[in-house]
Undergrad: 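Have a look at this one before I ask anything.
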Amino acid sequence: MKQYHFDEVIERHATSSVKYDQLKEVFGSDDLLPLWVADMDFRTPDFIVDALRKRCAHEVFGYTFASDDYYNSILAWLDYKYGWRVERDWISYIPGIVKGISFVVDCFSNEGDKIIIQPPVYHPFRLIPEGMGREVVYNPLRLTQDGYEMDFEQLETLVDEKCKIFILCSPHNPGGIVWPKETLMRLADFCHKHHILVISDEIHAEMTFPGNKHIPFSALSEAAAANSISFMAPSKTFNIAGIVSSYAVVPDPAVREKFFAYLHARELNAGTIFAYEATIAAYTYGAEWLQQMRQYVMRNVDYVDEYLQKHIPQIKVYRPQASFLLWLDCHGLGMKQEALVAFFIQKAKLALNDGSMFGTEGEGFMRMNIGCPRSVIDKALQQLEKAVADLG
Ligand SMILES: Cc1ncc(COP(=O)(O)O)c(C=O)c1O
């Protein structure tokens, strides 16, 4: 079996990388270890690069449609990963999940309608509806001894007939939460009862760690399927976010007809040559690489957790069940959010995501991207340890 290597440090500066080349713009300094934007520093796997090279060798890049191979690779992957038998005509390419959210908001709600989200959550869930003149309704997650939970009692008090869409993050970012089946079932029943369409953003699903089970929302039950759009993608998993390849899966005929007509009328369902090629390669050859990558990331989780427990006990890891984004509980440092953010930048020389960008519930937290070689993590932790020690 081929062994992939994730320890290699690859120079990414001067590639117009958001993570590396926009440090100064966002953090005010270039001199920081970038552990923020959610792409990985690992080499994109050889089978994807080979597929792209092969296509490049043809040297003509005209208009291209989604081939049978594209659809079949997705169908086989969803069956392999989740035992989900999907039909080809349930699938549509979309140019990114964030854009996909805006399409659904546009298609299924009007200005002044309400969209429900559950902070702390990926910030475009708020920014997109807000920017489109919708009212964002917050149903914050509850942080208990056992971790984050959805607050269904609160949800009942928030809902009214203006609520048209619920944006679910599954697995949930930040925190890497894989929602239990009972939770998803309860949510599906709630949304079905109140005629609320669920957008289920499942971009992190493929990186669910062993011992946890991701269930695609639209595969959950009849109530869920009747009222939902699941968004999926190989882009996070295989580190091809810049290629922009995502897709919607919509089992319900009425929802599908409306949404796909919307996409079609605007040609928003037209992918690029490279998106199709990369998806086919990822889903045809990617299983083994994904196993190995996940193992590496899981060891990174343990590494950070053990290091913090031993050397920086003021900061705690919220143990993720999926993906490469660590939610660090920094309350033990006793700083207000502004001071915490300044501390990470100015003292530790680290560029992490400010927890409060995901909602006020994220105050006291920072999000650390550990999709990188362990040597980089080690360097980051040493910088952090020194900065904390210097606090006296
Ligand atoms: C939950 C979630 N959804 C969507 C995205 C971005 O998806 P896309 O690049 O397809 O818009 C991210 C990236 O971090 C994410 O964490």
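What's counted below: heavy atoms across the whole structure, side chains too, no hydrogens, waters or symmetry copies. All ligand and atom numbering here is 1-based and tracks the order in the structure. The structure displayed is predicted, hence computed values, not measured ones.
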Undergrad: Ignoring hydrogens, tell whether any protein atom lies closer than 4.0 Å to atom 16 (O) of ligand 1; use the non-hydrogen atoms only.
TA: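 Answer yes: something from the protein, a heavy atom, is under 4.0 Å.
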Undergrad: If the cut-off is 4.0 Å to any non-hydrogen atom of Cys169, which atoms of ligand 1 fall inside it?
TA: 1 (C)
Undergrad: Which ligand 1 atoms does Lys236 reach within 4.0 Å, using its non-hydrogen atoms?
TA: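 Every atom of ligand 1 under 4.0 Å from some heavy atom of Lys236: 12 (C), 13 (C), 14 (O).
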Undergrad: Identify the residue among Tyr303, Phe209, Phe42 that makes a ring pair (Phe, Tyr, Trp, His ring centres under 6.0 Å) with Tyr296.
TA: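 Answer to the ring pair (Phe, Tyr, Trp, His ring centres under 6.0 Å) test with Tyr296 among Tyr303, Phe209, Phe42: Phe42.
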Undergrad: Is Ala233 near ligand 1, meaning one of its heavy atoms is under 4.0 Å from it?
TA: no
Undergrad: Just jot down the ligand 1 atoms closer than 4.0 angstrom to any heavy atom of Ser246, in number order.
TA: 10 (O)
Undergrad: Does His311 offer a backbone N or O that forms a donor-acceptor pair with the side chain of Glu385 under 3.5 Å?
TA: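 Side chain of Glu385 to backbone of His311, a donor-acceptor pair under 3.5 Å: no, none is there.
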Undergrad: Nearest protein heavy-atom contact for atom 1 (C) of ligand 1: which residue, which atom, what distance?
TA: Asp201 OD2, 3.4 Å
Undergrad: Of the backbone atoms (N, CA, C, O) and the side-chain heavy atoms from C-beta on, which set of Asn173 has a member under 4.0 Å from an atom of ligand 1: side chain, backbone, both, or neither?
TA: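 Answer for Asn173: side chain.
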Undergrad: With atoms numbered from 1 as shown, which atoms in ligand 1 lie under 4.0 angstrom from a non-hydrogen atom of Ala38?
TA: 14 (O)
Undergrad: If you measure only the distance, is there a donor-acceptor pair under 3.5 Å linking the side chains of Tyr20 and Asp41?
TA: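 Checked: Tyr20/Asp41 side chains pair up, N/O donor to acceptor below 3.5 Å.
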Undergrad: Any salt bridge between Asp390 and Lys386, counting N to O under 4.0 Å?
TA: yes
Undergrad: With a 4.0 Å heavy-atom cut-off (strictly under), which part of Lys99 contacts ligand 1: side chain, backbone, both or neither?
TA: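 Contact part for Lys99 vs ligand 1: neither.
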Undergrad: More than 12 foreign heavy atoms under 6.0 Å from CD of Gln382: is that the case here?
TA: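 Yes, because the 6.0 Å sphere around CD of Gln382 holds more than 12 heavy atoms from other groups.
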Undergrad: Measure Ala241 to ligand 1 on non-hydrogen atoms and call it side chain, backbone, both or neither using the 4.0 Å cut-off.
TA: neither
Undergrad: Checking contacts here: is it the side chain or the backbone of Ile203 that comes within 4.0 Å of ligand 1, counting heavy atoms only? Could be both or neither.
TA: side chain
Undergrad: Answer yes or no: is there an ion pair linking Arg53 with Asp46, defined by an N-O contact shorter than 4.0 Å?
TA: no
Undergrad: Could you tell me the residue and atom name of the protein heavy atom closest to atom 11 (O) of ligand 1, and the distance to it rounded to 0.1 Å?
TA: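 Checked against all protein heavy atoms, atom 11 (O) of ligand 1 sits closest to Val98 N, 2.9 Å.
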Undergrad: How far is atom 8 (P) of ligand 1 from its nearest protein heavy atom, and which residue and atom is that?
TA: Ile97 N, 3.4 Å
Undergrad: Near Lys379 NZ, under 6.0 Å, is it more than 12 heavy atoms from other residues, nucleotides or ligands?
TA: no
Undergrad: Could you tell me whether the side chain of Phe365 reaches within less than 4.5 Å of the side chain of His331, counting heavy atoms only?
TA: yes
Undergrad: Atoms of ligand 1 less than 4.0 Å from Gly96 heavy atoms?
TA: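 It comes down to these atoms of ligand 1: 10 (O), 11 (O).
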Undergrad: Surrounding CD of Glu222 (heavy atoms of other residues, nucleotides or ligands, distance under 6.0 Å), is the total greater than 12?
TA: no
Undergrad: Within a radius of less than 6.0 Å around CD of Glu153, do more than 12 heavy atoms belonging to other residues, nucleotides or ligands occur?
TA: yes
Undergrad: Could you tell me the residue and atom name of the protein heavy atom closest to atom 5 (C) of ligand 1, and the distance to it rounded to 0.1 Å?
TA: Tyr122 OH, 3.3 Å
Undergrad: With heavy atoms of His204 as the reference, note each atom of ligand 1 found under 4.0 Å away.
TA: 1 (C), 15 (C), 16 (O)
